[in-house]
Amino acid sequence: MTENVVHLHKPTDPPTDDATPTVLTVVPDAPPAAPVPLWVRSGRAVKSAVTHETTKTTARAVARHGLYTFNGGRIVARRTWDGKTGARYERMIRTAEAAGNLEAAEEWEERLQRFRAARHHRRMDLLHSPVEAAKGIAVGTGVSIGVLVALGVVMAINNHDVTDVITPLRATIDFIALLIRIVQVVWGPALTIGPFLALLALWTVGSKQQAAPQWALPANVRNGEGEPITPSIVVKALRDLGVPALRNAIKEMGDAGASMLGPIRIAGCGVEVDVTLPSGVATNEVQAKRRKLAENLTRHEHEVFITIPEAARTVRLWIADSGALDEPIGPSPLVTDETMTANYKTGKAPWGQDLRGDVAAISLYQRHLLVTGLSNQGKTAALRALALWLALDRNVQFWIADLKGIGDWAVFEGIAKLLIEGPSDDHCIQATEMVEDAVEEMNRRIEAQRRDPSIVFPPLIVLVDEAQKAFMCPAKGEDKRPYGGSKATSRYFMAVREIHNQGRAVDVLMWQGTQDPTDQNLPKLVREGAHTRASLVVGTESQAEMALGAKAVNAGAAPHLLRQGLDKGTLVVASDGIAIPAGQASITVRTHFIDDEPAAEIAARAKALRDGVATLRAVDRGEERDALADVAAVLGDAPRLRTNEVLKRLHALDPSTYGDQWTNDRLKSLLEEHGEEPKKSHGVMVVHRDHVLRALANRDAEGSASAAE
């Protein structure tokens with residue numbers, strides 16, 4: 001009998017014969033892991049407990065509150081020392097000397113001398129005060145006893161009882177004994193509680209001053225609010241800016257750079273300070289390091305603004321409170337104040353707030369306007385807010401072309417005399433023809449003013465939103481002239497240029513809103529013709545120069561550094577119509593956002609101020625005008641209008657048809673032709689809506705009868 005041998009070891013040579021018996025290899029179990037020593041397990045547990053977030057938070061809290069109390073004691077001690085000595089005055093003298101302000105140093109030295117003289121006088125008085133106090137106490141006690149005895153005599157005479165003479169004196173003694181007993185009862189607990197109350201007072205002082213290291217402060221303070229801006233922090237941020245000449249100059253200054261700084265002033269939701277740079281350091285070197293400077297000041301880049309005032313070698317830093325610029329600024333006064341009115345000539349539109357938190361109001365009087373920026377950043381909302389305010393002046397006329405065509409300007413139905421809405425080439429053509437009509441109106445006004453210099457015209461705002469579409473329109477007219485483009489053959493370009501050149505004199509103003517500016521969709525001559533230029537966030541510095549001009553950008557205007565999507569509605573404005581701090585070329589404005597529903601309510605108030613405006617969507621230039629129907633259209637819902645007002649509206653409707661040849665006599669002849677005529681009301685010639693409608697009915701009836709025959 002053959003036995004199968006089971007080998008318990010792995011053979012060195014592999015078997016070659018198929019009949020070789022199967023070999024099973026038995027692998028022994030791994031030896032059990034050595035037990036972790038107790039000291040290792042204990043160390044791991046201690047490390048886990050020490051590094052746990054709860055432990056860290058608790059340690060921070062203990063350290064913070066302990067340091068609040070300790071540093072609160074230091075603050076109180078320093079305040080006491082300053083009050084009792086001349087340390088405060090000496091500190092101010094050193095600061096003034098470091099800043100080179102010898103006049104201020106002399107003033108503080110004089111105050112120090114007066115303080116020392118007054119203190120010496122008080123100390124000399126203390127030498128005589130014990131004797132004088134003892135005399136005062138003795139005299140006071142004697143007088144008091146005499147008064148009490150006299151009162152007792154009066155009581156004794158009144159009550160016929162001689163014992164009442166000492167009654168007031170006995171009552172006073174009993175009251176003093178009661179006070180002594182109260183003090184004896186309260187004294188023990190007061191001695192026990194007093195130290196705790198003193199520590200609580202010191203903790204309160206320290207907590208209000210945040211008198212603890214940064215690492216010990218709460219997370220919301222440590223990460224959210226940033227460090228308070230002090231002179232030493234500003235100098236340190238400038239020193240670490242990476243500008244060698246600036247760093248070396250600060251090291252060589254005897255006052256460690258303090259003389260560079262002006263006063264740190266509270267300015268809205270931040271602070272402002274002027275920095276006079278040392279010789280050899282250019283202002284643009286600091287401007288180019290905006291991000292690093294902001295991070296050195298524990299701020300984000302968008303929370304630090306650098307501008308160049310008029311003073312030589314000076315930069316003005318505006319440093320926001322951390323997170324303050326992300327807070328909303330509140331609703332527009334147009335929404336909250338239903339009694340607000342507008343005045344084109346003397347008023348200012350409440351556009352928003354500047355970085356200081358002050359109202360940013362802008363004058364629109366005889367100023368062409370350009371608002372640009374990237375798409376979906378608030379350009380239309382900023383433009384519409386100004387137009388809504390100006391609509392509250394009933395004398396202002398609007399011709400509007402919205403080349404986006406999604407209803408943003410639909411609220412001006414019944415306010416604007418012409419409203420074009422749509423993004424197609426046909427709408428761009430209509431917008432071009434609208435601007436060309438405005439040129440004709442401008443020329444008519446100029447000619448009329450030449451004949452009569454005293455004549456005053458109602459303001460006409462010619463507004464084109466998404467104007468880049470008009471510049472980029474490829475369509476050509478019958479004369480082969482392109483509607484778009486940036487050359488002298490472009491109809492839109494040349495019409496805008498003509499209004500920029502002469503429109504201001506007769507109150508024909510061009511407002512344009514464009515996006516993503518380039519030389520192709522916003523030619524240089526057009527953008528430089530605007531008196532008020534405002535830019536939302538743009539992509540590059542070159543686009544910022546297109547929007548605002550090289551002068552404003554070189555002086556610190558930086559719309560290209562705004563945050564896309566986060567700084568919606570924030571504009572950098574260059575205009576003489578808005579208050580700009582002295583020495584600056586621009587101002588940053590956070591505009592109010594007016595939503596569609598409140599915009600409709602404001603528009604309703606504007607319509608109520610007007611006598612009804614028939615808004616035209618487009619004018620077919622090839623069709624002969626129906627004068628009687630146009631008279632009915634311009635009357636709108638008004639029951640009657642003065643004939644001169646009807647003539648003005650007809651001219652605004654189609655200047656080429658209803659020009660200077662249309663007079664009161666011609667209007668009268670038109671109505672008489674159909675059986676009606678203007679009549680006087682309170683001595684003024686007016687046209688009645690009912691009469692015009694009746695004339696239309698008469699004409700239609702005559703036409704029907706003629707057709708029947």
Is the closest side-chain donor-acceptor distance between Ser424 and Asp426 under 3.5 Å?
no
Please list, chain by chain and in numerical order, all residues satisfying salt bridge (Lys or Arg N to Asp or Glu O under 4.0 Å) with Arg491, sequence neighbours excluded.
Glu436
Any chance you could measure Ser586, atom OG, to Leu571, atom CG, to the nearest 0.5 Å?
11.5 Å
Taking the side chain from Arg504 and the backbone from Gln366, do they hold a donor-acceptor pair closer than 3.5 Å?
yes
Is a side-chain N or O of Trp318 found less than 3.5 angstrom from the main chain of Ala267, in a donor-acceptor match?
yes
Apply side-chain hydrogen bond (donor to acceptor under 3.5 Å, both in side chains) to the pair Thr372 and Ser535, showing each step before the final yes or no.
CA-CA 5 Å; Thr372 188; Ser535 177; 5.8 Å; no
If you count heavy atoms of other groups shown closer than 6.0 angstrom to CZ of Arg291, is the number above 12?
no
Is it true that Asp507 and Arg445 have a side-chain N and a carboxylate O under 4.0 angstrom from each other?
no
Any side-chain to backbone donor/acceptor pair from Asn248 onto Ala245? Under 3.5 Å, distance only.
no
Rounded to the nearest 0.5 Å, what separates atom NZ in Lys487 from atom OG1 in Thr489?
6.5 Å
Roughly how far, to the nearest 0.5 Å, is the CD1 atom of Ile420 from the SG atom of Cys428?
10.0 Å
Does a side-chain heavy-atom distance below 4.5 Å link Ile362 with Lys348?
no
Please answer whether the main-chain N or O of Arg497 pairs with a side-chain N or O of Asn501 as donor and acceptor at a distance below 3.5 Å.
yes
Pairing of Lys289 and Glu285 as salt bridge, 4.0 angstrom limit:
no
Are there over 12 heavy-atom neighbours, none belonging to His300, within less than 6.0 Å of that residue's NE2?
no
Side chains of Met260 and Ile250, heavy atoms from C-beta outward: is any pair under 4.5 Å?
yes
Test the Arg444-Phe457 pair against the cation-pi criterion, namely NZ or CZ under 6.0 angstrom from the six-membered ring centroid and within 45° of the ring axis.
no
Which distance, rounded to the nearest 0.5 Å, do you find between the CE of Met442 and the CD of Gln449?
12.0 Å
Heavy-atom count check: over 12 atoms from other residues, nucleotides or ligands less than 6.0 Å from Lys417 NZ?
yes
Run through Val508, Leu460, Leu463, Val435 and flag the one making a side chain to side chain contact (heavy atoms under 4.5 Å, CB included) with Trp399.
Leu460
Pairing residues for Glu498 by the salt bridge (Lys or Arg N to Asp or Glu O under 4.0 Å) criterion, not counting sequence neighbours:
none
Quick check: does any side chain N or O of Arg590 sit under 3.5 Å from a backbone N or O of Gln353, one acting as donor and the other as acceptor?
no
Note, Leu536 side chain near Val538 side chain (heavy atom, < 4.5 Å):
no
If you apply the rule salt bridge (charged side-chain N to carboxylate O under 4.0 Å, His left out), what do you find for Arg563 with Glu301, and how did you get there?
CA-CA 10 Å; Arg563 300 167 298 167; Glu301 183 179 11; over 6 Å; no
Taking the six-membered ring for Trp, are His531 and His368 parallel (under 30°), tilted (30 to 60°) or perpendicular (over 60°)?
parallel
Main-chain N/O of Gly539 paired with Gln543 side-chain donor or acceptor, under 3.5 Å
yes
Quick one: do the Thr380 and Asp465 side chains pair a donor with an acceptor below 3.5 Å?
yes
Verify whether one side chain among Gln468 and Glu466 offers a donor that lies under 3.5 Å from an acceptor in the other.
yes
Check the pair Glu295, Arg299 against salt bridge (charged side-chain N to carboxylate O under 4.0 Å, His left out), reporting the backbone distance first and the verdict last.
CA-CA 5 Å; Glu295 292 174 351; Arg299 296 295 190 272; over 6 Å; no
Could you check Asp402 against Lys469 for salt bridge (charged side-chain N to carboxylate O under 4.0 Å, His left out), going step by step and ending with a plain yes or no?
CA-CA 10 Å; Asp402 175 15; Lys469 288 182 173 290; over 6 Å; no
At what distance, to the nearest 0.5 angstrom, does CD1 of Ile429 lie from NZ of Lys476?
12.5 Å
State whether the side chain of His592 and the backbone N or O of Gly330 hold a donor-acceptor pair below 3.5 Å, judged by distance alone.
yes
Measure the CE-CG distance between Met546 and Leu522 for me, rounded to the nearest 0.5 Å.
8.5 Å
